[in-house]
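Here is the structure we will look at, set down as structure tokens.
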Amino acid sequence: MLPYPSGELHMGHVRNYSIGDAIARFHIMNNENVLHPIGWDSFGLPAENAAIKNKIHPKLWTEHNINKMKKQFKSLGFSYDWTREIKTSDKKYYLWTQWLFLKMFENDLIFRKNSKVNWCNLCKTVLANEQVLNGKCWRCNNDIEYKNMEQWFIKITNYANDLLNGHVNLINHWPKQVLSMQKNWIGKSYGVEIYFKLFNIYNKKIVVFTTRPETVFGVTFIVLAPEHKIINELKEYITNYNDVSNYVFENYKKFDKDKFLDKNNKTGVKLEGICAINPFNMEKIPIFVSNYSLIEYGTGAIMAVPAHDKRDFEFANKYNIKIKQVIESNALIEYPYEQDGILINSKNFNGINSREAFDIIIDFIEKNNFGKKVTKFKLKDWLISRQRYWGTPIPIIYCNDCGIVTIKEENLPLSFPEKIDDIKKFINTKCPKCGINAKRETDTMDTFLDSSWYYMRYCDANNNKKIFCKEKINYWMPVDQYIGGIEHACMHLLYSRFWCKVMKDLGLIKYSEPFTNLLTQGMVTLNGYAMSKSKNNVVSPDELIEKYGADTVRLFILFSAPPTKQLNWSFSGIQGCCRLINRIWNLFYIINTKSDLSASEYEKTKILKIMNITIKKVTKCIEKTYHFNVAISSIMELVNSLYLYKYHSNDNNISKNVYETILILMTPFTPHVCEELWEKLGHKKYISFYKWPIFDEKITIDSLIQIPVQINGKIRGKINVLLNDDEKKVKSIIKKNKNIMLKLNCKQIIRFAYIKNKIVTIVVK
Ligand code: ANZ
Ligand code: ZN
């Protein structure tokens, strides 16, 4: 995920991009063609707020931050292809965001509507539903208010089913949690709409949406959302209309989701003078207006079954409404009973299991025109207008005669005047269709549009004729490995998937999922808390790089925890990583020293075996599991083994071979020190492009064995031999073994037998 140019890298960034860099470098060393790009999500509010505060243009502020962060990226040694760098606030880029907007508009995927929208009073803009988290603004955590405004929306709901079904392709490649968060957000449910006629009012009915039609005989009241249109339509029949309309007005101002979450806050007013009729038994049932019925979901009207639904039960208790049980439970019943069971008090349907009754009753409803089968989604259309300057301008003109007119493709990019105050002049224009005076749209697009397709542009970042050329897109896309935070599960990751499906339907691309594999990295914490400025527990990457070097920082970040797990910051941990790098550095001098002792065959084989096992493990860890911590531990073992080996060996060939392998294996994690040592070893080319080592499976297994030595029928010791050593070799090993020679005590050997790979038997006089 591309960063927002806040001006400073934080440890979360360092973690995300170190993981990506290790993976990219590994694949580069495996001779693959790797596209490892970076860019900037450079439109957005903080730039604009900083601009207002410091009287500096958001563009300058943004440029300044990008330069600072780019320096930091470079100091960390990330292997980005800087020729493909993109900035979403760049004209050359947002031209294509606008172009995509026009394409979507042409295809009926963008529309304007007046509705109640989320408003953040700190950010001074509306927000999409996905960007409201527990009633608060995703960016500034301010409480959300409601406003009635005419705004631009994208029909993401057209793709609700596709977004859900697409999960099939992601099941083994995306974290389960992300998929389930998206699934809940999309919120598909199967149910029915049932029509409730009104007593003595012939041309009106209330349509409820229910996922539990089998409870229809237990309905004891109807609940309308305060915003439900029918309330006004029934004005003349409702005898307490004043009370009702006061209630509606009061509730309109409040935040819906809060009302929904706060159990004790269910309020309501009964609509006097009217009642509904249950089509199944013709019972008359009271109608309430209440804040716990949400206008945005279903039909905004509920058939309430207090015996079997918690919310209905609470409301019924508060307002003394009848409770009627229609599903029997085996155990002693305590309301509300929300499980399955046998239908009771349900006339012809008595005795049927509630699960079967679901379909039976739906059939009955459809046959008798009591209603119809429906599927509903919780997903709402994506509100994309933002009342801000620093964003992609919406390429639309309003003409009194022609209505909504799009700006011609050849006139893109549409840019705002440099001076923010000149917007007032910019508003006035001529209609591109009829030429009379017209007004421009001055809202900008949600920055999540900018970031919904940026990764495609990397494939052809400098194309100034087309959004991208097809061959390049087909060659590179989709993204093999995407890395970012889980907080984007229902924002960026959902929008990007949607965008990708739209672009496929527009014929621009061939694939329908943007990110084949997704890794959501864990948090970086200090003393148990996520690092954040507000908690004052931030560790600055710059200071660490200054003190310990970039390699140490990278190594620590990758070594301290598997990438998906929380990473607890520790200074002793970073010092440990510093020591490992120093040990590798010092080995350079040690492998070139001479020792008087010479290593045995066994010792030589042993170190080669450890080396091969390490290559095997590290390869698997980087390629498959991303358990970099395990990879680094095993390299550490190899380093220790090489120290030991060198201690009693004057052999330089093997040590050099092992040492070079250590450097190669460390390159994805600590590229700088590895390049340096590689050069010191006399290599002329970069280690970063050296071929990743292949391990020899034969050497990793069973090449070293221990066998017992029996002297006159008693086991007297063990010797280390190589698999399939012959008798002559074993004899020479025994001759060098002080312990066994001591036991033989210079006695005369009358028999020597070696059963291959099993046992040595010696008989002495
Ligand atoms: C009768 C009933 C009986 C219900 C019962 C539940 C249990 P899901 O499954 O999440 O889609 N509902 C429908 N529209 C609503 C609205 N606008 N505001 C608040 N609640 C609404 O939820 C569907 C259920 O949520 C529906 O099924 C309806 O209550 C309620 F024992 O109808 B049920
Ligand atoms: Zn805000």
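Atoms within each ligand, like the ligands themselves, are counted from 1 in listed order. Here, residue 1 is the first one in the sequence, and each next residue gets the next number.
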Under 4.0 Å to a heavy atom of [X] - the qualifying atoms of ligand 1, by number:
X    : result
Y292 : 18 (N), 19 (C)
K378 : 10 (O)
G300 : 17 (N)
T215 : 3 (C), 31 (F)

- Opening angle at the Zn ion (ligand 2) [SG, C140; SG, C123; to 10 degrees]: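 That angle works out to 110° after rounding to 10°.
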
- Message: Tell me the angle that SG of C120 and SG of C137 form around the Zn ion (ligand 2), rounded to 10°.
- Response: 120°

[X] and [Y]: side-chain donor and acceptor closer than 3.5 Å?
X    : Y    : result
T447 : D41  : no
E283 : N278 : no
H167 : R497 : yes
D312 : Y292 : yes
D446 : Q131 : yes

- Item | ring pair (Phe, Tyr, Trp, His ring centres under 6.0 Å), paired with W382, selected from Y159, Y495, W152, F153 |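 Considering Y159, Y495, W152, F153, a ring pair (Phe, Tyr, Trp, His ring centres under 6.0 Å) with W382 is found only for Y495.
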
Nearest candidate to [atom], where distance is taken over non-hydrogen atoms, out of [options]:
atom                    : options                : value
atom 18 (N) of ligand 1 : D312, T210, L294, T375 : L294
atom 21 (C) of ligand 1 : I302, V305, V223       : I302
atom 2 (C) of ligand 1  : E193, R212, R311       : R212
atom 26 (C) of ligand 1 : V326, T211, V219       : T211

- Query: Between F217 and F349, what is the ring plane arrangement, given parallel below 30°, perpendicular above 60°, and tilted in between?
  - Reply: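 Aromatic pair F217/F349 classed tilted.
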
- Query: Mind checking whether H488 and H492 have parallel, tilted or perpendicular rings, split at 30° and 60°?
  - Reply: perpendicular

- Task: Quick one: look at E296 and ligand 1, take heavy-atom pairs under 4.0 Å, and tell me if it's side chain, backbone, both or neither.
- Result: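 It is neither; nothing of E296 touches ligand 1.
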
- Establish, yes or no, whether the cationic atom of K266 lies under 6.0 Å from the six-membered ring centre of F315 and within 45° of the ring axis.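 Not satisfied by the 6.0 Å and 45° rule.
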
- Message: Is there a polar contact, in the sense of an N or O pair closer than 3.5 Å, between D309 and ligand 1?
- Response: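 No, since none of the N or O atoms of D309 sits under 3.5 Å from an N or O of ligand 1.
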
- Message: I want to know if ligand 1 touches Y297 in the polar sense, i.e. an N/O pair below 3.5 angstrom.
- Response: yes

Determine, using heavy atoms of [X] and all atoms of ligand 1, whether some pair is separated by less than 4.0 Å.
X    : value
E338 : no
M303 : yes
S293 : yes

- Heavy-atom check, side chain of H64 versus side chain of M69, under 4.5 Å: no

